[in-house]
S.K.: 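Structure provided below as structure tokens; questions to follow.
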Amino acid sequence: MWPFTENRFDRVVAIEHDEQRDQFVQYKRNSQDIIEETSISSKHFFIVDTLDLCPLGSSYLVVELVGELPLRYLVLCDSYRDYLSALREAKSYGRAKYGEAMSDHMWQRSPVEAFLMRSGTTLFTNLQPHELKVVALDFEMYTSAGKHFAASSDPMDKIILASLADNRGQTYLLDESLLGEAGLIKEVCRLINQNDYDVICGHNLVGFDLPYLTTRAQQLNIPLCLGRNRSVLKQRAITRRYGLREAPEFFVFGRHIIDTLPLLISWDITKRALENYRLKDAVIALGISPRDRRDFDRGDISQMWDSKAADLLDYAQADALDSLALYSFLSPALFFQTQMLPLTYQQCAATGTGTKADLSLIRAYLQKTHSLPLRGAHVLGEGRGGLTEAKSLGWHQDIHKADVASLYPSICLSFNIKPRTDVLNAFPAVLKVLTERRLEAKASLKTLPPDGYEFKATDALQNSLKILINSFYGMLGTSGLYFSDSEASNDITTRGQEILLKMVDNVERAHGKVIEIDTDGIYFTLPESTKTAHAISCLVAEELPPGIRVDYDGHYDYMYSYAPKNYLLVKNDLLIRKGVVFRSRRLFGLQNDFIVVCVDKLIRGDSAGLAAYYRQTARRIRAREVEFDSVITYLVVDQTMAEYEEGLMTQGQRSRPLDLIASRPDRDKWTLRSKIYYYHAGNGEIKLAEDFAKDIDPSYYLELLRKTAEKFLYIFSPQDWYRIFSETPLSDEEARLIRPWFFVPRQMPATLAEYERVIKGDFQLRLF
DNA sequence: AACTGTGGCCGTGGGT
DNA sequence: ACCCACGGCCAC
């Protein structure tokens, strides 16, 4: 089973360390949906690299680990008290000996993680995601008049509603006007304990609801007994980065706290499907909203409360149901990672992927009582990455895409690349098992009905495996992990570059034209379009090293290549945009529209329509006949006003949008990670979007339009480009004669620099 | 305290 | 007018 673990701890939903009794408590959800509790005694340990760091005394046992790696002295402690004092001692010796680098000479995790590591168990074995008992929690606060946000320190800002929804179909709505605020808080605790939930989830739970609840409970002097052993909600003040802000970490004994907001943000980093991360917008965008709901501004809540509007109750209930839906959508990958790793569910959500790969290697070593490498010892200098090149700019037709399946993991396995410290060959062994598991999951996907529950779960499993597998490469180049090795990392990328170049060579030898390459994939055209997908992938894969598999990854009708990592694809009249130039969040509506229209006209060969569109847009800008969305952009607030003003003094770095809000009385409206929407008004001034009065600066937006048109530099000859994208009238007849190069293939004669000179009006060029 | 990586384009704001 | 460093956002 290695590196996975035996199922000794079947259906365990939580393991905690009870500090008072110094015992590990295990909660198991049996097949009757009842929780069984077991206490287990276990010793505590950490590992150091020299006897100098080991404490003296009879309550400690120093075990020398096998093998030649430097972290070799395991300090085993009889009790938690002994462990804490031993650790303190070791750290103080360590600081004296190594200074700042002290922590690189130790290995230490929390008691529960160390316990999972040593016992070789994980949570959630033989459970499915839906078997966990989950409650979504949402509070509505009363905001006193004139304020934008509730402040828990303000006695007027009380909790007025608590809404709970669980995944067994129960909902609860607690009303302050009936229960009183203290009664409401107590009832929340009672319900959580009575129903004995494994997971407490919510949207921005850690950033808002829990801090708020804690403060209100303190003021009302109510203990928040949410733990399975009736212990109170604990808060660790230090803080992990929560989005951009620092938030405390919360713990409930025996339960996991899962906040859907950070999960949603990380999900969207790759998917780019969301406009914002508000709960109701997200569930609608994802198509998982449990039911239709009336929509209104959060600012109205207090007003509705004052007027006792019944809608508010619906609203609050819907929030909890939405949170639960979002949790169900986002959490399965996390669930399956928890099945594989010596981490709790909650820790799994907060831990980076590199650490997870590292931990799985450390577990393999400790299971053989083998010594460990020092932390970050083999990372130096800058790493080398993937190969990227836009080999042929402009329009192309009938494009193929091929890529290597799991390039870096395949290279690791094929060329036996691993960290030099990995004497037990755990890196390839773990990687191999994970890869095989993923292939199994992917294979069984094909046999499952795509709408069913099992399909979703299996898909989540293979996806979480993919993330873990990929992080084995990323781990190597990271300082601060135990099995990192930048030399191995560079070996992998070098091989990757060689493989990509060989693929390019294969296409060119078949008289194909390579358009764009990036890391593990290649876009190209071939002389004949009749080849099958299989034949094409074989062609690309010729003479590649064994173990490297090339997949045919699609056919596109058109492709426009502008720059490395920046291109457009058209398939069945569907436009796919890649790169910051064509799909940045920061694009103005004006630019988005231009890109879409431009491609559409080009595909239809409608040069006259394109010229007309450009002139019309320019005319509207001059006349200030613009839509709000066309001219608005934003800046994400990434520092507090105080930090900004501090920065102004020390570095003098100005930001016009921040200047704009700095002097406003309502400047607290913009919090960290919120956006300042603004537009360009006359004389180089910017103004807030909320003050929009169509008083835009035409020169700014004309320049913007021109710059956007420049992204389509390679569509016409330079002279024609200048005639199409110009405000100078051009008759339809003349425009019709201008054909995109794509329809009239010519030699690509110009360099980017030559184009630019032409566009800037230098007609002295002897290009043609 | 905790942390997966590199490659790339572009706008901004400061400097000369 | 040009250069440059930096941060934001994106591809893989």
Side-chain angles (χ1 to χ4, degrees), chain A residues 103 108-110 236-242 244 246-249 266 268-272 347 350-359 375-376 379 381-390 401 403-404 406-408 467-486 488-490 492-494 496-497 500 516-523 553 562-567 576-588 591 633-636 638-639 647-648 651-659 675 680 684 686 700 703-704 707-708 710-711 752 760:
Chain A
S103 63
Q108 168 218 345
R109 300 290 293 193
S110 73
R236 189 160 69 191
I238 327 230
T239 60
R240 74 177 60 256
R241 270 172 90 79
Y242 175 79
L244 279 175
E246 308 258 294
E249 211 174 350
S266 12
D268 196 48
I269 285 174
T270 48
K271 298 292 190 294
R272 268 290 317 271
Q347 283 163 337
T351 302
T353 59
T355 305
K356 287 171 182 167
D358 202 35
L359 277 174
R375 200 170 73 149
V379 176
E382 277 159 36
R384 182 210 274 226
L387 197 63
T388 304
E389 194 182 340
K401 162 93 193 286
D403 62 11
V404 180
S406 312
L407 178 65
Y408 289 171
I467 295 165
L468 196 55
I469 287 166
N470 283 331
S471 60
F472 273 76
Y473 154 73
M475 181 205 95
L476 293 172
T478 310
S479 58
L481 300 176
Y482 290 83
F483 280 97
S484 46
D485 182 349
S486 53
S489 174
N490 284 337
I492 293 168
T493 51
T494 303
Q497 296 204 2
L500 193 64
E516 157 98 15
I517 60 172
D518 193 351
T519 311
D520 63 350
I522 170 167
Y523 290 93
D553 196 33
Y562 168 73
K565 297 176 190 283
N566 288 278
Y567 53 89
I576 300 157
R577 320 184 203 192
K578 297 280 185 174
V580 74
V581 164
F582 296 117
R583 58 169 260 172
S584 169
R585 280 169 207 261
R586 302 277 284 270
L587 289 185
F588 290 82
Q591 297 173 288
T633 188
Y634 67 84
L635 176 96
V636 178
D638 65 349
Q639 50 189 337
L648 269 188
Q651 302 142 33
Q653 187 82 8
R654 297 208 83 87
S655 156
R656 290 197 296 159
L658 284 173
D659 278 345
K675 292 172 182 168
H680 292 260
I686 61 167
Y700 179 89
E703 174 68 8
L704 190 69
K707 277 193 285 198
T708 313
E710 269 183 35
K711 306 307 176 213
L752 182 59
K760 281 169 186 155

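In what follows, chains carry the letters A, B, and so on, assigned in the order in which the sequence lines appear, proteins first and then strands, with residues in each chain numbered from 1.
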S.K.: Whole Å only: how far is the CG atom of A/Asn566 from the C1' atom of B/dG7?
M.R.: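 Checked: the CG to C1' distance equals 12 Å.
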S.K.: So which one's nearest nucleotide on DNA chain B is more toward 5', A/Thr519 or A/Val581?
M.R.: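 By nearest-heavy-atom nucleotide position, the 5'-most residue is A/Thr519.
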S.K.: What is the nucleic acid contact for A/Phe483, judged by heavy atoms within less than 4.0 Å: base, sugar-phosphate only, or nothing?
M.R.: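 Nothing, no nucleic acid heavy atom in range.
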S.K.: For A/Lys401 and C/dC12, give me the distance from atom NZ to atom C1', rounded to whole Å.
M.R.: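 Taking NZ of A/Lys401 and C1' of C/dC12, I get 9 Å after rounding.
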S.K.: Out of B/dC3, B/dG11, C/dC9, which nucleotide sits closest to the side chain of A/Arg586?
M.R.: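 Nearest listed nucleotide: C/dC9.
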S.K.: So, do A/Tyr408 and A/Phe472 have ring centers that fall under 6.0 Å from each other?
M.R.: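 Centroid separation for A/Tyr408 and A/Phe472: 6.0 Å or greater.
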S.K.: Is the phosphate of C/dC12 approached by A/Tyr567 (side-chain N or O, under 4.0 Å from OP1 or OP2)?
M.R.: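 Affirmative; the distance criterion is met.
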S.K.: Just N and O in the side chain of A/Tyr634: are any of them under 4.0 Å from OP1 or OP2 of C/dC9?
M.R.: yes
S.K.: Can a side chain N or O of A/Arg585 be found less than 4.0 Å away from OP1 or OP2 on C/dC10?
M.R.: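 Indeed, a polar side-chain atom of A/Arg585 lies that close.
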S.K.: State whether A/Thr355 places a side-chain N or O below 4.0 Å from either non-bridging phosphate oxygen (OP1 or OP2) of B/dC3.
M.R.: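 Affirmative; the distance criterion is met.
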S.K.: Where the side chain of A/Arg375 is defined as all heavy atoms beyond and including C-beta, which of C/dC12, B/dC9, B/dC3 is the nearest nucleotide?
M.R.: B/dC3
S.K.: In Å and rounded to the nearest 0.5 Å, what is the CD to NZ distance from A/Glu389 to A/Lys565?
M.R.: 12.5 Å
S.K.: Please state how far atom CG in A/Leu587 lies from atom C1' in C/dG8, giving the value in whole angstrom units.
M.R.: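 Rounded to the whole Å, the gap is 12 Å.
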S.K.: Side chain of A/Val580, heavy atoms from C-beta onward: which of B/dC3, B/dG7, C/dG8 has the nearest atom to it?
M.R.: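 Taking heavy atoms from C-beta onward, the closest nucleotide is C/dG8.
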S.K.: Is A/Tyr700 touching bases, backbone alone, or none of the nucleic acid, heavy atoms closer than 4.0 Å?
M.R.: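 Sugar-phosphate: the residue A/Tyr700, judged by heavy atoms under 4.0 Å, touches backbone atoms but no base.
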S.K.: Once you round it to whole Å, what is the distance between C1' of C/dC12 and CZ of A/Arg384?
M.R.: 17 Å
S.K.: Could you state the atom-to-atom distance from CD of A/Gln347 to C1' of B/dA1 in whole Å?
M.R.: 14 Å
S.K.: Tell me the interatomic distance from A/Lys565, atom NZ, to C/dC12, atom P, rounded to whole angstroms.
M.R.: 7 Å
S.K.: Are the side chains of A/Leu468 and A/Thr353 in touch, meaning some heavy atoms are under 4.5 Å apart?
M.R.: no
S.K.: Could you tell me if the side chain of A/His680 sits less than 4.5 Å from the side chain of A/Arg656, heavy atoms only?
M.R.: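 A/Arg656 vs A/His680: side chains touch.
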S.K.: From the list B/dC9, B/dG5, C/dC9, which nucleotide is the closest neighbour of the side chain of A/Tyr473?
M.R.: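 When the side chain of A/Tyr473 is considered, B/dG5 is the closest of B/dC9, B/dG5, C/dC9.
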S.K.: How long is the straight-line distance from CD1 of A/Ile522 back to CG of A/Asp403, given to the nearest 0.5 Å?
M.R.: 10.5 Å
S.K.: With under 30° as parallel and over 60° as perpendicular, where do the rings of A/Phe582 and A/Tyr562 fit, or are they tilted in between?
M.R.: perpendicular
S.K.: Take the protein atom CG of A/Leu500 and the nucleotide atom C1' of B/dG7, then report the distance between them rounded to whole Å.
M.R.: 13 Å
S.K.: Below the 4.0 Å mark, does B/dC10 have OP1 or OP2 next to a side-chain nitrogen or oxygen of A/Lys711?
M.R.: yes
S.K.: How close or far is atom C1' of C/dC12 from atom NZ of A/Lys578, stated in whole angstroms?
M.R.: 9 Å
S.K.: Tell me what A/Thr353 touches on the nucleic acid: a base, only sugar-phosphate, or nothing, going by heavy atoms under 4.0 Å.
M.R.: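 A/Thr353: base contact, heavy atoms under 4.0 Å.
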S.K.: When you check the phosphate oxygens OP1 and OP2 of C/dA11, does a side-chain N or O of A/Arg583 lie under 4.0 Å from one of them?
M.R.: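 Result: yes.
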S.K.: How is A/Gly474 classified with respect to the nucleic acid when contacts are heavy atoms under 4.0 Å: base, sugar-phosphate, or nothing?
M.R.: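 Base contact.
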